[in-house]
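These figures come from a predicted structure and were not determined experimentally. Protein chains get the first letters and strands the later ones, always in sequence-line order, with residue 1 at the start of each.
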Amino acid sequence: MDTMRRETFPKWEHLTGDKSIAGLFSRGEAFIVFPLRVVYLRVEREDAPVRVMFAVPKRHFRHAVDRNRMKRLMRESYRKQKSALIEYAESNGCTLHVAVSLIRPMWLSYGDMYIKMGKIIRNLADRLAEGAEEAKV
RNA sequence: AUAGUCGGGCGGUCUGUCGCCAGGCGCAGCUUUAAGGCUGCAUCGGGAGGAAAGUCCGGGCAACACAGAGCACCAUACUUCCUAACGGGAAGAGGGUCGUGAGAUUCACACAAGCGCAGAAGAAAAUAACCGCCCGCGCUCUUCGCGGGUAAGGGUGAGAAGGUGAGGUAAGAGCUUACCGCCGCAGUGGCGACACUCGCGGGUCAGUGCGCCGUAUGGGUUGAAAGACCAAGUAAACCGGCGUCAUGUCAGGGCUGCUCGCCCGAAGUUACCGCCGGAGGGUAGGUCGAUAGAGUCCGUUGGUGACAGCGGACCCAGAUAAAUGACAGACGCGGCAUCUCGCAUGCCGUACAGAACCCGGCUUAUAGCCCGGCUAUUCCU
């Protein structure tokens, strides 16, 4: 494994498939980093250590252009900061399903989004670590 | 030059860093009898629109339905042409409204065949007498009253019984006549809508709005979440093989109300049951549909034009919880301000908006800019 992890976000790290998504939303745990809501779920080891999806509801952003813009910012800021989370997941030997949705109709700049996403990733990593402790005990 | 009007077109560019999607070529790994497939890396060039939008019309395509015909229902409705088709487009024709004008906008089959409905107006809304005008009678006249005639005048209304002149009359009236208008026919021009005519006929020559009724043309339904195919696993049913003749299975019963367990025990032996295999349907998931087309560009010919023919060149996004991006900087374009008037400096703006089976239209949104025709006003030669 390279010492320098590349900042990629390939297809297999996207969360897809009706069953996975339905399972995540019905059984996952959630927390909020305003205005973003995060739902996550630990599942059995898959090919990817973490699989993520981003959502922007149509009722907040009526035009597809605006929804795309917010999703792209979310994706981009995740891509830049995801390596910590992936390392945690890999060391725990499980896969994490995550969904991040924008729950308020507000515009975030790239800078704001980057900070929020950083918080989300640290939060997720902490919770994952806790879960691992519990599993050991 | 300014203002306007119609038509057509464009709607950012470059650099760096980090990424995404599909494809080509190469290398490596895994897999396969093999063709090939999958994964990774590297590299090459490609990757939203004029509206991709609204989903309002028309087609292709697909599934289902369907003897034929009619009715009903829905849509459309000046003419000719274009087109795969259209409720779209082009050219043209008539009326109304708006504008000094270029133009804009709107109406329309038939409906002088019939029927229905319509009111805070008006005498009256179609068998029109309220006022007025005229005649007769009551009293001799006037006023007034009664009976009758009269649609020329009045106000109301979206609409009031074609208009003007003359004749006519008690007063009037298409009552008669001339002209104008209207309707029908004829002639001429035009493919046609229609236009024109010192032509012929018509005075029973038509009230407004809405609806019903009539005619012609088109329409089967659904809509890519259509539809076609592959299909892990699991349960039940089916087929085949093997095992087993009782310690299995199991109707029924008992301990015990239920489950497990134990016990009693009928029937069946080509069965039941167990194990293995097969085939079919089909879920998760995947593949196709799905990107070469009524295609784009250039030239040319025909046509006023929409468009069509011919020749040549080109291949131009194919995602699927849904790629086509993020950040930084520079430039361009436009506006404003300042001054040393150079496109110098500063500030601001740079839109609307994201493919989802594919086409043709329509409608709506849109910063800023370009080109052409025409109109009005003003100035100069």
S.K.: Please state how far atom CG in A:L108 lies from atom P in B:C327, giving the value in whole angstrom units.
M.R.: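 Taking atom P of B:C327 as the reference, CG of A:L108 is at 12 Å.
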S.K.: Minimum heavy-atom separation for A:F61 to A:M70, with atom names?
M.R.: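 Closest approach of A:F61 to A:M70, heavy atoms only: CZ-CG, 4.1 Å.
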S.K.: Between A:M117 and A:M74, what is the shortest heavy-atom contact and its length?
M.R.: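 Minimum heavy-atom separation between A:M117 and A:M74: CE-O, 3.6 Å.
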S.K.: May I have the distance from A:K71 (atom NZ) to B:A323 (atom P), rounded to whole angstrom?
M.R.: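 Value for this atom pair: 6 Å.
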S.K.: Which nucleotide, in any strand shown, forms a Watson-Crick or G-U wobble pair with B:C200, with both distances under 3.5 Å?
M.R.: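 Across any shown strand, B:C200 pairs with B:G184.
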S.K.: Decide, for B:A365, between syn and anti: a glycosidic angle within 90° of 0 counts as syn, anything else as anti.
M.R.: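 Here the answer is anti: the torsion falls beyond 90° from 0.
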S.K.: In whole Å, what is the span from the CE atom of A:M53 to the P atom of B:A323?
M.R.: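 The distance from CE of A:M53 to P of B:A323 comes to 12 Å, rounded to the nearest Å.
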S.K.: Round to a whole Å and report the spacing from CD of A:Q81 to P of B:C18.
M.R.: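 The distance from CD of A:Q81 to P of B:C18 comes to 18 Å, rounded to the nearest Å.
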S.K.: Just one of A:L96, A:I121, A:V50 clears the side-chain contact (heavy atoms from CB on, under 4.5 Å) bar with A:I86, so which one?
M.R.: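 Of the listed residues A:L96, A:I121, A:V50, the side-chain contact (heavy atoms from CB on, under 4.5 Å) partner of A:I86 is A:V50.
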S.K.: Of A:N68 and A:H14, whose closest RNA chain B nucleotide lies nearer the 5' terminus?
M.R.: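 The residue closer to the strand's 5' end, by nearest nucleotide, is A:H14.
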S.K.: Report, one pair per line, the protein and nucleotides 22-31 of chain B atoms (nitrogen or oxygen only) whose separation is under 3.5 Å.
M.R.:
none

S.K.: Could you state the atom-to-atom distance from CD1 of A:I21 to C1' of B:G285 in whole Å?
M.R.: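 About 14 Å, once rounded to whole Å.
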S.K.: Can you tell me how far P in B:A226 sits from the matching atom in B:A290, rounded to whole Å?
M.R.: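 Going atom to atom, P in each nucleotide, I get 15 Å.
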S.K.: Using the rule that Ile, Leu, Val, Met, Phe, Trp and Tyr join whenever any side-chain heavy atoms are under 4.5 Å apart, tell me whether A:F9 and A:L124 fall into a single cluster.
M.R.: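 Yes.
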S.K.: Rounded to the nearest 0.5 Å, what separation is found between the CZ atom of A:R51 and the CG atom of A:L41?
M.R.: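 The CG atom of A:L41 is 11.5 Å from CZ of A:R51, to the nearest 0.5 Å.
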S.K.: Taking the P atom of each, how far is B:G184 from B:C194, in whole Å?
M.R.: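 Between the two P atoms, the distance is 11 Å.
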S.K.: I need the minimum non-hydrogen distance between A:S20 and A:L15, along with the two atoms involved.
M.R.: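 For A:S20 and A:L15, the tightest heavy-atom pair comes out as CB-CD1, 3.9 Å.
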S.K.: Using the P atom in both, what is the distance from B:U176 to B:G202, to the nearest Å?
M.R.: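 Taking atom P in both B:U176 and B:G202, they lie 12 Å apart.
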S.K.: With no hydrogens and no angle check, is any side-chain donor or acceptor of A:R67 less than 3.5 Å from a backbone partner on A:V56?
M.R.: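 No, A:R67 side chain to A:V56 backbone: no donor-acceptor pair under 3.5 Å.
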S.K.: Paired with B:G289: which nucleotide, if any, by Watson-Crick or G-U wobble criteria at under 3.5 Å for both distances?
M.R.: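 Its partner: none found.
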S.K.: Test A:F54 against A:R72 for side chain to side chain contact (heavy atoms under 4.5 Å, CB included), laying out the working first.
M.R.: CA-CA 9 Å; A:F54 303 98; A:R72 280 165 177 162; over 6 Å; no
S.K.: Give the minimum heavy-atom separation between A:P49 and A:A89, together with the two atoms involved.
M.R.: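 That would be O-CB, 3.8 Å.
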S.K.: With a 3.5 Å limit on both atom pairs, tell me what B:C213 is paired to, counting Watson-Crick and G-U wobble, or say none.
M.R.: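 No nucleotide pairs with B:C213.
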S.K.: Are any side-chain N or O atoms of A:Q81 and backbone N or O atoms of A:Y114, one a donor and one an acceptor, separated by less than 3.5 Å?
M.R.: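 Confirmed, A:Q81 side chain pairs with A:Y114 backbone.
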S.K.: Identify whether the glycosidic angle of B:G248 places it syn (within 90° of 0) or anti.
M.R.: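 Anti, angle beyond 90° from zero.
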S.K.: Can you name the atoms? Protein N/O to nucleotides 324-326 of chain B N/O, anything below 3.5 Å, with the distance.
M.R.:
from: B:U324; atom 1: OP1; to: A:R75; atom 2: NH2; distance (Å): 2.7
from: B:U324; atom 1: OP2; to: A:R72; atom 2: NE; distance (Å): 3.1
from: B:U324; atom 1: OP2; to: A:R72; atom 2: NH2; distance (Å): 3.0
from: B:G325; atom 1: N2; to: A:E76; atom 2: OE2; distance (Å): 2.8
from: B:A326; atom 1: OP1; to: A:R69; atom 2: NH1; distance (Å): 2.8

S.K.: Which atom pair, heavy atoms only, marks the closest approach of A:K116 to A:F34?
M.R.: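 Shortest heavy-atom separation between A:K116 and A:F34 comes out as NZ-O, 3.0 Å.
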S.K.: Between B:A356 and B:A321, how far apart are the C1' atoms? Round to whole Å, please.
M.R.: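 Rounded to whole Å, the distance is 14 Å.
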S.K.: Expressed in angstrom and rounded to an integer, what is the separation of A:R62 atom CZ from B:A365 atom P?
M.R.: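 Atom-to-atom, A:R62 to B:A365, this comes out as 14 Å.
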S.K.: With both distances under 3.5 Å as the test, what is the Watson-Crick or G-U wobble partner of B:A344?
M.R.: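 Checking every strand shown, B:A344 finds its partner in B:U338, with both distances under 3.5 Å.
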S.K.: When both hydrogen-bonding distances must be under 3.5 Å and the geometry is Watson-Crick or G-U wobble, what is B:G277 paired with, if anything?
M.R.: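 In the structure as shown, B:G277 has B:C239 as its Watson-Crick or wobble partner.
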S.K.: Quantified in whole Å, what is the P atom distance between nucleotide B:A323 and nucleotide B:G354?
M.R.: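 Comparing P positions in B:A323 and B:G354 gives a spacing of 14 Å.
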S.K.: Would you mind pulling out the nucleotide paired to B:A231, Watson-Crick or G-U wobble, both distances under 3.5 Å?
M.R.: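 Per the H-bond distance test, none.
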S.K.: Atom CZ of A:R67 and atom P of B:A319: how far apart are they, to the nearest Å?
M.R.: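 Roughly 21 Å, once rounded to whole Å.
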S.K.: Taking the P atom of each, how far is B:G103 from B:G8, in whole Å?
M.R.: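 Looking at atom P only, B:G103 and B:G8 are 15 Å apart.
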S.K.: Between A:W12 and A:F54, name the one whose nearest nucleotide on RNA chain B is closer to the 5' end.
M.R.: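 Nearer the 5' end of the strand: A:W12.
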S.K.: Name the orientation of the base relative to the sugar in B:G174: syn if the glycosidic angle is within 90° of 0, else anti.
M.R.: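 B:G174: syn.
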S.K.: On a whole-Å scale, what distance lies between the P atoms belonging to B:G305 and B:C6?
M.R.: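 23 Å, rounded to whole Å.
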S.K.: Nearest whole angstrom, please: distance from the C1' of B:G54 to the NE2 of A:H63.
M.R.: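 From A:H63 NE2 to B:G54 C1': 12 Å.
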S.K.: Charged N to carboxylate O below 4.0 Å: is that the case for A:K82 and A:E13?
M.R.: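 Result for this pair is yes, salt bridge flagged.
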S.K.: Under 3.5 Å for both donor-acceptor distances, Watson-Crick or wobble: does B:C141 have a partner, and if so which one?
M.R.: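 With both distances under 3.5 Å required, B:C141 matches none.
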S.K.: For B:C41, which nucleotide in any strand shown is its Watson-Crick or wobble partner with both distances under 3.5 Å?
M.R.: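 With both distances under 3.5 Å, B:C41 matches B:G26.
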S.K.: Taking the C1' atom in each of B:G360 and B:G295, what is the distance between them to the nearest angstrom?
M.R.: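 My reading of the C1' atoms in B:G360 and B:G295 gives 13 Å.
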S.K.: Base of B:C316 relative to its sugar, syn (within 90° of 0) or anti?
M.R.: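 Syn.
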